[in-house]
Chemist: 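Below is the structure I would like to discuss, written out as structure tokens.
Start at 1 and go down the list; that is how both ligands and their atoms are numbered. Here, residue 1 is the first one in the sequence, and each next residue gets the next number. Values below: every heavy atom of this structure, side chains too, minus hydrogens, waters and symmetry copies.
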Amino acid sequence: MSAHGDPVPLQSRRSGALSGTAQVPGDKSISHRALILGAMAVGETKITGLLEGGDVLDTGRAMAALGAEVVRHGAGAWSVHGVGVGGFREPEQVIDCGNSGTGVRLLMGAVATHDMAVTFTGDASLNGRPMGRVTEPLSLFGTRAVGRAGARLPLTLVGAASPVPVRYATPVPSAQVKSAVLLAGLNAPGQTVVIEREATRDHSERMLAGFGAEITTRATDEGREITLTGRPELRPQTIAVPRDPSSAAFPVCAALIVEGSDVLVPNIGLNPTRAGLFETLREMGADLAYENPRDEGGEPVADLRARYSPGMKGIRVPPERAASMIDEYPILSVVAAFAEGVTDMPGVAELRVKESDRIDAMAAALRACGVTVEDGPDWWRVTGTGAGGVKGGATVAARLDHRIAMSALILGLATREPVTVDDAGPIATSFPIFEPLMTALGADLTKEIR
Ligand code: S3P
């Protein structure tokens, strides 16, 4: 089932050379944070390039339910009139975060140190995902949570009336958990400290500093230690959201595996905590260039140029790189299927608790298309077919997971037989223009299933 309506099957077929420019949408992680911090500032934050995908729109509605004024002025152009740190009002209704783990986890943090109760829910995928990783550190502030078994949604948070600051070492590498604690720390007196063993995406830290919060990061023996001083007055900002590297991954990887392709993907955010896929592809021998590298709004940005790259080689992806490409393993596994030799992907237990169990979902998809995949609790391994090519000819279950749907459709652009996705609806959560954008490059995507 699609998140909002009937399933929409989509088929991809072997395509001729892809060419042209792919203007992918705004960064999902940064879009969520721009809306949330805008709502916690005093005055009007202006945002351009906001991702208008289902996940982010759900966060925008949540901000309005909490008392901020959220207005759309045109494509990607939004303003948020914030209520200030500590100024959220208790929402009248349940907050529905749809498919978005980032949305719900960041929102739980943002409301946790307000003296009010908020109930969260989501779709079948989100309601199956673990929330204890967030409710546990939030309990240290004095917040209470009552959810379904295993701290699953629907879940009610009763915010701390007199929050205390927290020092917390994240047990799993998660920017969502880190960000939830930092957002809760905004309305706690004193200093809230988060320590992460491995660096995860740092958009929250960068944006908090941009809004005028006192926040410092230092390397310690335990890992990255982030210290936030509570109860700042956040100053409204003008934010230009860079384009999403996780969305750019799809046209880039399509160009690498479809014969004769040459695709430009401009203005991509290349924050090092997000760019692990592109580094990996280059190590595999991809013809992938960073053109015109520059800095925009505190984030490194470049234009990516990807060309067809026969003869790529499988590699072992270093586990310490996992956090910087955690959402890109599904599409990497597709490229790995066309490479020569084995691609080893260790240290990725987190993939099992995303919108779906992404190792299981992609292993099933690739095996059905004739590719050898082995997997264990926190690792998987794809044996590439190299010059022999990939058979295809399967229907893949998207499992309410946008990245599984898109990865399977990119796979089908280069397999001998078509690949069908049972429901492309979830793609709208992060990349609503995926189908027209890929079609304009020359991809053969169709609802006429053969
Ligand atoms: C995100 C963090 C990651 C990532 C997700 C977006 C964020 O999740 O998978 O798509 O914006 O903070 P985890 O924090 O669970 O690793």
Chemist: Under 4.0 angstrom from ligand 1, any heavy atom of Lys354?
Modeler: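 Lys354 counts as a contact of ligand 1 under the 4.0 Å cut-off.
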Chemist: Please step through side-chain contact (heavy atoms from CB on, under 4.5 Å) for the pair Val317 and Met325, ending with a clear verdict.
Modeler: CA-CA 10 Å; Val317 183; Met325 52 179 289; 3.9 Å; yes
Chemist: Starting from atom 12 (O) of ligand 1, which protein heavy atom do you reach first, and at what distance in Å?
Modeler: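 Of every protein heavy atom, Arg33 NH2, 2.6 Å lies nearest to atom 12 (O) of ligand 1.
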Chemist: For Ile326, take its heavy atoms, then give the atoms of ligand 1 lying under 4.0 Å from any of them.
Modeler: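 Near Ile326, meaning under 4.0 Å from one of its heavy atoms, ligand 1 has 9 (O).
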Chemist: Please state which protein non-hydrogen atom is closest to atom 11 (O) of ligand 1 and give its distance, to 0.1 Å?
Modeler: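 Here the nearest protein heavy atom works out to Ser29 OG, 2.7 Å.
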Chemist: State, with a plain yes or no, whether a side-chain heavy atom of Ser179 is found less than 4.5 Å away from one of Arg33.
Modeler: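 Yes; the side chains approach each other to less than 4.5 Å.
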Chemist: What about Leu106: any of its N or O atoms under 3.5 Å from an N or O on ligand 1?
Modeler: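 Looking only at distances, the answer is no, because the N/O contact criterion of under 3.5 Å is not met.
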Chemist: For Arg105, which residues count as a salt bridge (charged side-chain N to carboxylate O under 4.0 Å, His left out) partner, sequence neighbours excluded?
Modeler: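 Arg105 satisfies salt bridge (charged side-chain N to carboxylate O under 4.0 Å, His left out) with no residue once adjacent residues are dropped.
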Chemist: When you look for heavy atoms under 4.0 Å from ligand 1, do you find them on the side chain of His203, its backbone, both, or neither?
Modeler: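 It is neither part, as no heavy atom is under 4.0 Å.
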Chemist: With a 4.0 Å cut-off, would you call Glu214 and Arg231 a salt bridge?
Modeler: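 No.
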Chemist: Would you say Ser179 and ligand 1 have an N/O pair spaced under 3.5 Å apart?
Modeler: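 By distance alone, the answer is no.
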Chemist: Give me the residue, atom name and distance of the protein heavy atom closest to atom 14 (O) of ligand 1.
Modeler: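 Answer, as residue, atom name and distance: Ser174 OG, 2.6 Å.
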Chemist: Closest non-hydrogen protein atom to atom 6 (C) of ligand 1, residue and atom name please, with distance?
Modeler: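 Here the nearest protein heavy atom works out to Thr102 OG1, 3.2 Å.
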Chemist: The criterion is ring-ring contact (aromatic ring centres under 6.0 Å, His included); which residues satisfy it with Phe434, sequence neighbours excluded?
Modeler: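 Per chain and number, Phe434 pairs via ring-ring contact (aromatic ring centres under 6.0 Å, His included) with Phe431.
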Chemist: Distance under 4.0 Å to a non-hydrogen atom of Asp327: what atoms of ligand 1 satisfy this?
Modeler: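 Those atoms are 4 (C), 5 (C), 9 (O), 10 (O).
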Chemist: Measuring from Ile404:CD1 to Asp422:CG, what's the distance to the nearest 0.5 Å?
Modeler: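 Reported value, rounded in 0.5 Å steps: 11.5 Å.
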Chemist: Does atom CD of Glu136 have more than 12 heavy-atom neighbours, drawn from other residues, nucleotides or ligands, at distances under 6.0 Å?
Modeler: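 Counting neighbours around CD of Glu136, 12 or fewer heavy atoms of other residues, nucleotides or ligands fall under 6.0 Å, so no.
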Chemist: Please confirm whether Lys178 comes under 4.0 Å of ligand 1, counting heavy atoms of the residue only.
Modeler: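 Checking ligand 1 against Lys178, which is what was asked, there is no heavy-atom contact under 4.0 Å.
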Chemist: Any side-chain heavy atom of Leu281 sitting closer than 4.5 Å to one from Leu256?
Modeler: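 Leu281 reaches Leu256 side chain to side chain.
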Chemist: Quick check: does Arg403 get an N/O under 3.5 Å from an N/O on ligand 1?
Modeler: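 There is no such contact.
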